[in-house]
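Only a predicted model underlies this, so the values are computations on that prediction, with no experimental measurement involved. Computed from heavy atoms alone, side chains included, the values below leave out hydrogens, waters and symmetry copies.
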Amino acid sequence: MSITWKDEQHPSFINFISSFLNAYSFRLNFVPIAPDFIFNCGGLSVAFLFVTNWDCNDTSSTFSRVQRLNGQFAHFYVVVTLLSKEQNDSFIRSYFKYDMKLGKPTFVPVQDLEMGFEKIVNIAQARGSKSAISNFIIQNHLLRYLIHDHVLQCVVRNGLICYVTIAVCKRQDAIAKLRSEREKSVQGMDVYLKVVTSIPGIDSHDANALNQAIGSIEAIAKASKEYILENTDLSAEKAEKITRFFRDPKYYLGPKIK
């Protein structure tokens, strides 16, 4: 959990989150990360923004943050709490105003804070289960929300109703394509894991977290210690080892005791 986000919430809600995570056997850490939450499930990192107080007068800062983080995480979701019709209408207008694309990232509107956090945990677990169809289930939550009578008028007015229809009609083809792409990537991922876990103190869980948050081995080699700490849940010690491994010849050429 982001320290900044935590400080903006009521203590009772933080206590609820702590108890909820404990019930699901998650470990809660408070760290200086760019998203509000990063979950590591099944070796997969899933990042979230959790907007608990939608400001109808300042939607640009929220969408600016969304656009900035969207390219940094392979699995990124935005959960938005909309308590009133005014907030609901503001969100709808802003979604189309800032030209958001369905599923890039996926927005999940909810009606209360507790429901929002429960959705976050459910999404994290679904992604961690490596189920290809889970992402479509999550995206369809937003589709169902957008095809509400009031929103449907916005969709038609912006010429997006065809896009929604195509997304639903081609769902099965997309699932098959995702499965095929996943099979092709298995061998490449195995090589990636062998290389990254050769760094002293870095295990497969850490390697997966780096892959999801930063990307290729080349990108990890260029990342600073601060960037690694900001975008993953790795400790400062591990971040230091990674940066030294790629930049200090005395370190990566020295003998390694396992």
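A pairwise comparison of heavy atoms in G201 and D206 identifies O-OD2, 3.8 Å as the closest pair. The minimum heavy-atom distance between A223 and I228, with the atom names listed, is CB-CG1, 4.0 Å.
Grouping the Ile, Leu, Val, Met, Phe, Trp and Tyr side chains by contacts below 4.5 angstrom, directly or via other members, places L193 with F245. Hydrophobic clustering (side-chain heavy atoms under 4.5 Å, transitive across Ile, Leu, Val, Met, Phe, Trp, Tyr) groups L49 together with F73. L83 and I92 are assigned to two separate hydrophobic clusters, defined by single-linkage of ILVMFWY side chains at heavy-atom distances under 4.5 Å. Residues I199 and I214 share a single hydrophobic cluster, defined by chaining ILVMFWY side chains whose heavy atoms lie under 4.5 Å apart. Follow the hydrophobic side-chain contacts under 4.5 Å out from F16 and you reach I14 in the same cluster.
Ring geometry for F91 against F63 counts as parallel: the plane angle stays under 30°, on a 0 to 90° scale with 60° as the upper cut.
Here the side chain of R93 pairs no donor or acceptor atom with the backbone of N88 at under 3.5 angstrom. Between the side chain of T243 and the backbone N or O of A239, at least one donor-acceptor pair lies under 3.5 Å. Looking at D203, its side chain does come within 3.5 Å of a backbone N or O of H205 through a donor-acceptor pair.
Between the side chains of D58 and S61, at least one donor N or O sits under 3.5 Å from an acceptor N or O. Counted by atom type alone, W54 and S90 present one or more donor-acceptor pairs between their side chains at under 3.5 Å. For the 3.5 Å distance criterion, the side chains of N40 and S45 qualify, holding a donor opposite an acceptor. Defined by atom type and a distance below 3.5 Å, a donor-acceptor pair is present between the side-chain atoms of Q9 and T52.
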Working note: T81 + Q111, criterion side chain to side chain contact (heavy atoms under 4.5 Å, CB included); need CA distance, chi angles, decisive distance, verdict. CA-CA 6 Å; T81 306; Q111 295 178 337; over 6 Å; no

Does L234 form a side chain to side chain contact (heavy atoms under 4.5 Å, CB included) with L229? I'd like the steps, not just the answer. CA-CA 6 Å; L234 270 66; L229 288 173; 5.6 Å; no

For the pair S2 and F30, evaluate side chain to side chain contact (heavy atoms under 4.5 Å, CB included) and give the outcome as yes or no after the intermediate values. CA-CA 6 Å; S2 163; F30 302 109; over 6 Å; no

Working for side chain to side chain contact (heavy atoms under 4.5 Å, CB included), residues V196 and I202: CA-CA 7 Å; V196 178; I202 303 302; 4.0 Å; yes

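A distance of 10.0 Å separates OH of Y227 from OG1 of T232, quoted to the nearest 0.5 Å. In this structure, OH on Y77 lies 6.5 Å from CD1 on I123, to the nearest 0.5 angstrom. Interatomic distance, M100 CE to Q67 CD, rounded to the nearest 0.5 Å: 4.0 Å. A distance of 8.5 Å separates OG of S224 from CD of E230, quoted to the nearest 0.5 Å. With rounding to the nearest 0.5 Å, the separation of CZ in F117 from CZ in F37 is 5.0 Å. Within the model, atoms CZ of F50 and CD1 of I17 stand 6.5 Å from one another, a figure rounded to the nearest 0.5 Å.
Between F26 and V121, the closest side-chain pair of non-hydrogen atoms falls below 4.5 Å. Within the 4.5 Å cutoff, side-chain heavy atoms of V66 are placed close to those of P105. Within the 4.5 Å cutoff, no side-chain heavy atoms of N29 are placed close to those of M1. Between L69 and Q72, some side-chain heavy-atom pair lies under the 4.5 Å cut-off. Counting only heavy atoms from C-beta outward, the side chains of I33 and N231 never approach each other to under 4.5 Å. Two residues are said to be in side-chain contact when any heavy atoms from C-beta on lie closer than 4.5 Å; L82 and V110 fail this criterion. The side-chain heavy atoms of V51 and N53, taken from C-beta on, include no pair separated by under 4.5 Å. Side-chain contact between L28 and N22 is absent, with no heavy atoms from C-beta onward closer than 4.5 Å.
The aromatic ring centroids of F48 and F76 lie 6.0 Å or more from each other.
The residues R27 and D233 are annotated as not salt-bridged, no charged nitrogen and carboxylate oxygen being separated by less than 4.0 angstrom.
By the neighbour-count criterion of 12 heavy atoms within 6.0 Å, atom CD of E114 is densely surrounded, having more than that number from other residues, nucleotides or ligands. Around atom CD of E86, no more than 12 heavy atoms belonging to other residues, nucleotides or ligands sit under 6.0 Å away.
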